[in-house]
**Q** 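Dropping the structure in here first, questions after.
For clarity, every value in this text was computed on a predicted model and none was experimentally measured.
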There are 2 protein chains.
Amino acid sequence: MPGRLQNELKKRKPFVHIEQEVVLNLFRTGDRLGIRLERLLREHGLTGAQYNVLRILRGEGQPLPMQEIASRTIQVVPGMTGLVDRLEKAGLVCRARSESDRRVIYVRITAAGLTLIAQLDEPLPAMERKLLGGLTRDEKAELIRLLEKVRDHLEQLDE
Amino acid sequence: MPGRLQNELKKRKPFVHIEQEVVLNLFRTGDRLGIRLERLLREHGLTGAQYNVLRILRGEGQPLPMQEIASRTIQVVPGMTGLVDRLEKAGLVCRARSESDRRVIYVRITAAGLTLIAQLDEPLPAMERKLLGGLTRDEKAELIRLLEKVRDHLEQLDE
DNA sequence: GGAAAATACTTTACACATCAACTATTGTCA
DNA sequence: TGACAATAGTTGATGTGTAAAGTATTTTCC
């Protein structure tokens, strides 16, 4: 049983390390899913990163500092600056400097931002269900468990 | 059992859809792994995308058209142009136009390119083993199976 | 009280990734 | 044959992600 990715990539030799196969499968599958989800978001004028920021702000229900937003996404702080710049220019969020600590900048979602992401509350989960339709519910749960276990171990490596 | 990602993202409400949890876990885990692998590659002056191209060319053993390389990576053709530009400028690959079909451009890995990626043949798999040390061999195999199943279903959606 | 460290954010530079539009070449077929 | 479609690759615009350096503000602590 040589594995499917191997054939897909037209590699000649079998994978020497199963770990490499895991990593490549992880990247490739994430990419394939991401492309389709980004496409849906783009129809509403948003990128994936922008949608994530708006969703986090809506979920929190109150303004959040730049760094707090960055820590909840895949992102590093420097990238957040430009991201919020674009969202602010589009009128979806606004900045406000903190009174107590003038280094901190709070980001707040605007009414226009709330309206925009509300339009995705139906189609986005529907798309996710469709994309993951190949797995049973048990398989989805098992996939989540395995991925969390990988990240748990990665965090241990940091300590 | 509320799930770990949920806590990690400091979300208030439980995930409504398990599919969303799968997608977020997939992105986040791939990102965490990618950051560490990219860091190792960068020590050798390469990015992940560049390393992939070199590895594909070495594995094939002969020059490949741009499009063929792109089809074996996560990449779209337009991005491949700039990527090969940079590799060529670094002296790691070279271009050659096909004789039979003058639209096609073949990319060949140079001796310098082979030397460079040979330096990663040891440390890269070692790093991958270390990063995935949290999973048993059976769990790695199961993770691969589930990810391949997701992609199989995605391909069916295209037909 | 004041120098030094820490923190929050921005700026800059570079490398991807995506899409749309463009050029050059080849294939189709009426 | 000759218009037209298809294909291979490039270019340009926009957005994202990383690292390194810079600025402003606050905290620490002697």
**Q** Rounded to whole angstroms, how far apart are OH on B:Y106 and C1' on D:dA8?
**A** 12 Å

**Q** Between B:T47 and C:dC16, is there a side-chain N or O to OP1/OP2 distance below 4.0 Å?
**A** yes

**Q** Rounded to whole angstrom units, what separation is found between the CZ atom of B:R97 and the C1' atom of C:dA24?
**A** 8 Å

**Q** So does A:R145 pair up with B:E139, basic N to acidic O under 4.0 Å?
**A** yes

**Q** Taking CG from B:D85 and P from D:dG12, how many angstroms apart are they, rounded to a whole number?
**A** 12 Å

**Q** Look at A:E19 together with B:K130 and state whether they make a salt bridge at an N to O cut-off of under 4.0 Å.
**A** no

**Q** Applying a 4.0 Å non-hydrogen cut-off, can you work out what B:V104 is touching in the nucleic acid: base, sugar-phosphate, or nothing?
**A** sugar-phosphate

**Q** Tell me the interatomic distance from A:L41, atom CG, to D:dG15, atom C1', rounded to whole angstroms.
**A** 13 Å

**Q** Within this structure, what is the CG-to-P distance between A:L37 and D:dG15, rounded to whole angstrom?
**A** 20 Å

**Q** Under 4.0 Å between any heavy atoms, over every strand shown, what does B:R95 touch: base, sugar-phosphate, or nothing? Just pick one.
**A** sugar-phosphate

**Q** What distance separates A:L132 CG from B:L146 CG, expressed to the nearest 0.5 Å?
**A** 11.0 Å

**Q** Measure CG/B:L46 against P/D:dT18 and give the value in whole Å, please.
**A** 18 Å

**Q** With 3.5 Å as the limit, what N/O pairs link the protein to nucleotides 17-21 of chain C?
**A**
residue: C:dA17; atom: OP2; partner: B:Q75; partner atom: OE1; Å: 3.4
residue: C:dA17; atom: OP2; partner: B:Q75; partner atom: NE2; Å: 2.4

**Q** Using only modelled atom types and a 3.5 angstrom limit, is any donor from either the side chain of B:R102 or the base of C:dT25 paired with an acceptor on the other?
**A** no

**Q** By nearest nucleotide on DNA chain D, pick out whichever of B:M66 and A:D101 is the more 5' one.
**A** B:M66

**Q** Could you work out which one of C:dT25, D:dT10, D:dG9 sits closest to the side chain of B:Q67?
**A** D:dG9

**Q** Is it true that A:D121 and A:R58 make a salt bridge, defined as a side-chain N closer than 4.0 Å to a carboxylate O?
**A** yes

**Q** Quick one: stems for DNA chain D, with Watson-Crick or G-U pairs under 3.5 Å, at least three in a row?
**A** C:1-30 with D:1-30

**Q** Out of curiosity, B:L26 CG to A:F27 CZ, how far, rounded to the nearest 0.5 Å?
**A** 11.0 Å

**Q** Using whole Å, what does the distance between atom P of nucleotide C:dT25 and atom CZ of B:R103 come to?
**A** 10 Å

**Q** Does the distance from a Lys or Arg side-chain N to an Asp or Glu carboxylate O, for A:E68 and A:R72, drop under 4.0 Å?
**A** yes

**Q** Determine all donor-acceptor pairs shorter than 3.5 Å in which one atom belongs to a side chain in residues 82-97 of chain B; sequence neighbours excluded.
**A**
residue: B:D85; atom: OD1; partner: B:R95; partner atom: NH1; Å: 3.0
residue: B:D85; atom: OD1; partner: B:R95; partner atom: NH2; Å: 3.0
residue: B:E88; atom: OE1; partner: B:R95; partner atom: NH1; Å: 2.7
residue: B:E88; atom: OE2; partner: B:R95; partner atom: N; Å: 3.3
residue: B:R95; atom: NH2; partner: B:T81; partner atom: O; Å: 3.4
residue: B:R97; atom: NH1; partner: B:R102; partner atom: O; Å: 2.4

**Q** Would you kindly give the CD-to-P distance between A:E38 and D:dT16, to the nearest whole Å?
**A** 8 Å

**Q** With a 6.0 Å cut-off (strictly less than), is the heavy-atom count around CZ of A:R108, excluding the residue itself, greater than 12?
**A** no

**Q** Looking at every strand, decide which applies to B:Q50 at a 4.0 Å heavy-atom threshold: base, sugar-phosphate, or nothing.
**A** sugar-phosphate

**Q** With no hydrogens and no angle check, do the side chains of A:N52 and A:R55 hold a donor and an acceptor under 3.5 Å apart?
**A** yes

**Q** Counting only side-chain N and O atoms of B:R86, is one of them less than 4.0 Å from OP1 or OP2 of C:dC16?
**A** yes

**Q** Working to the nearest 0.5 Å, report the span between CD of B:E122 and CG of B:L120.
**A** 10.5 Å

